A.B. asks: 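Have a look at this one.
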Amino acid sequence: MSDITDNLLGNYLRDRRMRLDPAAFGFSGRRRTPGLRREEVAQRANISATWYTWLEQGRGGAPSPEVLDRIASSLMMTEPEREHLFMLGLGRPPEVRYKPFEGVTPRLQRLLDSLEISPALIKTATWDVVAWNRAASVVLTDFGKLPPAERNILRRMFFDPHVRNAQHDWEGLARFVVGAFRADVARAGAVSEVTQLVDELCRTSAEFRALWRENDVLAHGEGVKRFNHPTLGPMELEHSSFAVDGRPDLSMIVYNPVGSALADRIRAIVSPQRAASHRRAAE
C-alpha cells in the first residue's frame with residue numbers, strides 16, 4: 001500500500017506543518033523546505049521531537065487526546081481540522097467544547113427571514129432563543145419585546161401561565177422539552193453551563209424537578225405542535241430541527257402550518273408587516 005493511504009495521520013500532520021509561516025511564530029533561519037520544522041512543532045506542543053517525528057512517520061503509536069489537542073493548537077488548526085485530526089489519530093471526533101453564544105451571522109438571519117409563513121428560530125444548547133423571524137413573532141412569541149433572560153424556552157414553559165394555558169397537551173410537551181433539552185446539553189458539552197438554570201427550575205417548579213429526576217433523553221427531530229393562539233385560533237404546526245453547521249451550540253427549529261387555511265391566516269398578518277417594514281427601510 002502506498003504511503004499516501006498507509007500513513008494518513010502522518011501525511012496530514014506534515015501537510016499542515018508545511019503550510020505554516022515560520023516567521024509568524026518567531027522562527028528564523030534559512031530553510032530548504034517550507035513551513036515549520038518538526039522540532040518546532042514539538043516545541044510548541046510541548047512533546048518530544050523524536051516522538052513527534054515518529055508520529056509523522058507512522059510509527060509513534062496511538063497519541064492521547066491531550067497530545068492531539070496540543071498538536072492541533074501548535075499547528076493553528078481550525079475546529080474542522082482538529083476534528084479530522086482526531087478521526088485519523090483515534091478514530092473518533094474530539095470531545096465537544098461548548099462555545100457560548102456569539103451571535104448569528106447575517107446570512108443565517110436572512111435564511112430565517114426568507115421563511116414568510118413558517119415560524120423559525122435559532123436556539124442555543126441551553127435553549128435560549130437568540131434569533132427568530134417575523135412569523136415566529138406573530139405565531140409563537142414576540143421575542144423582541146422580552147428581555148434576553150426571559151427568552152429561554154424552559155423558563156417560558158414552566159413559568160409563563162399564558163404559554164401553559166395555550167398548549168393542547170402541556171404535560172406531554174413539558175416532558176418532551178425536558179428530555180430534548182437534556183440531550184442537547186450533553187451533545188454540546190454544556191452540562192456545567194446549565195447548572196444554574198436547572199437548579200433554579202428545580203427550586204421553583206415541582207413539575208420540572210420531577211421530570212428532570214426521571215432522566216429521560218429524547219430526540220428533538222420532528223413532531224407536531226398544537227396550541228391555541230389568542231388571535232389566530234387553533235394552531236397545528238409541523239416542526240423540524242436542524243443543526244447549524246460548525247456551531248454545535250446552535251440549532252434551528254422551523255414550524256410549518258398544517259393546511260392551506262392556517263397558512264393563509266398567518267400570511268394575512270405577516271405579509272402586511274413585512275411590507276411596512278420594507279417601506280420604512282427604504283425611506
Side-chain angles (χ1 to χ4, degrees), residues 95-101 104 112 118-133 136-137 139-143 145-230 234-244 247-256 258:
E95 292 186 7
V96 176
R97 294 172 172 174
Y98 179 71
K99 295 181 179 179
F101 172 68
V104 300
L112 295 179
S118 296
L121 55 85
I122 303 291
K123 66 174 181 61
T124 66
T126 57
W127 283 46
D128 292 316
V129 176
V130 292
W132 55 90
N133 62 4
S137 295
V139 175
L140 302 176
T141 298
D142 192 346
F143 295 102
K145 292 184 178 180
L146 298 176
E150 295 182 18
R151 296 173 189 165
N152 182 271
I153 294 174
L154 275 83
R155 282 197 177 99
R156 293 188 56 73
M157 274 291 301
F158 287 92
F159 294 162
D160 191 328
H162 299 291
V163 173
R164 181 181 188 124
N165 294 334
Q167 304 308 313
H168 176 73
D169 176 16
W170 185 88
E171 288 79 9
L173 180 61
R175 182 177 299 278
F176 165 77
V177 164
V178 173
F181 169 76
R182 186 190 297 276
D184 278 0
V185 166
R187 188 181 302 112
V191 174
S192 61
E193 281 75 13
V194 301
T195 299
Q196 184 176 350
L197 172 63
V198 170
D199 288 346
E200 174 194 349
L201 289 165
C202 284
R203 287 194 311 270
T204 54
S205 171
E207 290 158 315
F208 176 86
R209 183 168 60 251
L211 291 172
W212 188 252
R213 287 177 175 173
E214 290 181 7
N215 286 301
D216 286 343
V217 179
L218 301 173
H220 193 276
E222 298 180 340
V224 177
K225 180 179 179 66
R226 298 180 179 89
F227 64 101
N228 291 311
H229 191 276
M235 308 287 288
E236 186 174 6
L237 305 169
E238 296 175 336
H239 63 80
S240 300
S241 181
F242 305 92
V244 177
R247 293 292 301 271
D249 56 319
L250 298 180
S251 60
M252 178 171 67
I253 307 175
V254 179
Y255 298 85
N256 285 315
V258 176

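Owing to the predicted nature of the structure, the values given are computational and were not obtained by experimental measurement. Hydrogens, waters and symmetry mates play no part in the numbers below; they use all other heavy atoms, side chains included.
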A.B. asks: Between atom OG1 of Thr126 and atom CD of Gln196, what is the distance when rounded to the nearest 0.5 Å?
C.D. replies: 11.5 Å

A.B. asks: Any chance you could measure Ile253, atom CD1, to Leu112, atom CG, to the nearest 0.5 Å?
C.D. replies: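 Ile253 CD1 to Leu112 CG: 11.0 Å, rounded to 0.5 Å.
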
A.B. asks: Can you check side-chain contact (heavy atoms from CB on, under 4.5 Å) on Ile122 and Val129, steps first, answer last?
C.D. replies: CA-CA 6 Å; Ile122 303 291; Val129 176; over 6 Å; no

A.B. asks: Using a 3.5 Å distance criterion without hydrogens, assess whether the side chain of Arg151 forms a donor-acceptor pair with backbone atoms of Leu146.
C.D. replies: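 Between the backbone of Leu146 and the side chain of Arg151 there is a qualifying donor-acceptor contact (under 3.5 Å).
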
A.B. asks: Would you check if there is a donor-acceptor pair between the side chains of Asn256 and Ser118 at a distance under 3.5 Å?
C.D. replies: yes

A.B. asks: Is there a side-chain contact between Gln167 and Lys225 (heavy atoms, below 4.5 Å)?
C.D. replies: yes

A.B. asks: Quick one: list whatever passes salt bridge (charged side-chain N to carboxylate O under 4.0 Å, His left out) with Glu171, sequence neighbours left out.
C.D. replies: none

A.B. asks: Val139 and His229: which non-hydrogen atoms are nearest, and at how many Å?
C.D. replies: O-CD2, 3.1 Å

A.B. asks: I'd like to check the salt bridge (charged side-chain N to carboxylate O under 4.0 Å, His left out) partners of Asp169; sequence neighbours left out, ordered by chain and number.
C.D. replies: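 Once residues adjacent in sequence are excluded, Asp169 has no partner under the salt bridge (charged side-chain N to carboxylate O under 4.0 Å, His left out) criterion.
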
A.B. asks: Before you tell me yes or no, could you show the steps for Leu140 and Trp132 under side-chain contact (heavy atoms from CB on, under 4.5 Å), namely the whole-Å CA-CA distance, both residues' side-chain angles and the distance that decides it to 0.1 Å?
C.D. replies: CA-CA 10 Å; Leu140 302 176; Trp132 55 90; over 6 Å; no

A.B. asks: To the nearest 0.5 Å, what is the distance between CD1 on Ile153 and CG on Leu121?
C.D. replies: 6.0 Å

A.B. asks: Do Phe227 and Leu173 have side-chain heavy atoms sitting under 4.5 Å apart?
C.D. replies: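 Phe227 does not reach Leu173 side chain to side chain.
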
A.B. asks: What are the two closest non-hydrogen atoms of Met157 and Trp170, and how far apart are they?
C.D. replies: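 For Met157 and Trp170, the tightest heavy-atom pair comes out as O-NE1, 3.1 Å.
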
A.B. asks: Mind checking salt bridge (charged side-chain N to carboxylate O under 4.0 Å, His left out) for Glu214 and listing every partner two or more places apart, or none if nothing turns up?
C.D. replies: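 Per chain and number, Glu214 pairs via salt bridge (charged side-chain N to carboxylate O under 4.0 Å, His left out) with Arg175.
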
A.B. asks: Going by the rule salt bridge (charged side-chain N to carboxylate O under 4.0 Å, His left out), which residues pair with Glu150 if we only count those two or more places apart in sequence or in a different chain?
C.D. replies: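 Glu150 satisfies salt bridge (charged side-chain N to carboxylate O under 4.0 Å, His left out) with no other residue.
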
A.B. asks: A side-chain contact here means heavy atoms from C-beta on lying under 4.5 Å apart; do His168 and Glu236 qualify?
C.D. replies: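 His168 does not reach Glu236 side chain to side chain.
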
A.B. asks: Check side-chain hydrogen bond (donor to acceptor under 3.5 Å, both in side chains) between Asn152 and all other residues, then give those that pass, not counting sequence neighbours.
C.D. replies: Asp128

A.B. asks: For the OG1 atom of Thr141 and the NE2 atom of His162, what is their distance to the nearest 0.5 Å?
C.D. replies: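 If we round to the nearest 0.5 Å, Thr141:OG1 and His162:NE2 are 11.0 Å apart.
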
A.B. asks: Can you tell me how the ring of Phe158 sits relative to the ring of Phe208, calling it parallel under 30°, perpendicular over 60° and tilted otherwise?
C.D. replies: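 Taking Phe208 first and then Phe158, their aromatic rings stand perpendicular (interplane angle over 60°).
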
A.B. asks: Pair up each side-chain donor or acceptor in residues 179-188 with any protein partner under 3.5 Å, not counting sequence neighbours, and list the distances.
C.D. replies:
from	atom 1	to	atom 2	distance (Å)
Arg182	NE	Asp216	O	3.3
Arg182	NH1	Asn215	OD1	3.1
Arg182	NH2	Trp212	O	2.3
Asp184	OD1	Arg187	NH1	2.9
Asp184	OD2	Lys123	NZ	2.7
Asp184	OD2	Trp127	NE1	2.9

A.B. asks: For Leu201, does its backbone N or O pair with a side-chain atom of Ser205 as donor and acceptor, under 3.5 Å?
C.D. replies: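 Not confirmed, Ser205 side chain does not pair with Leu201 backbone.
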
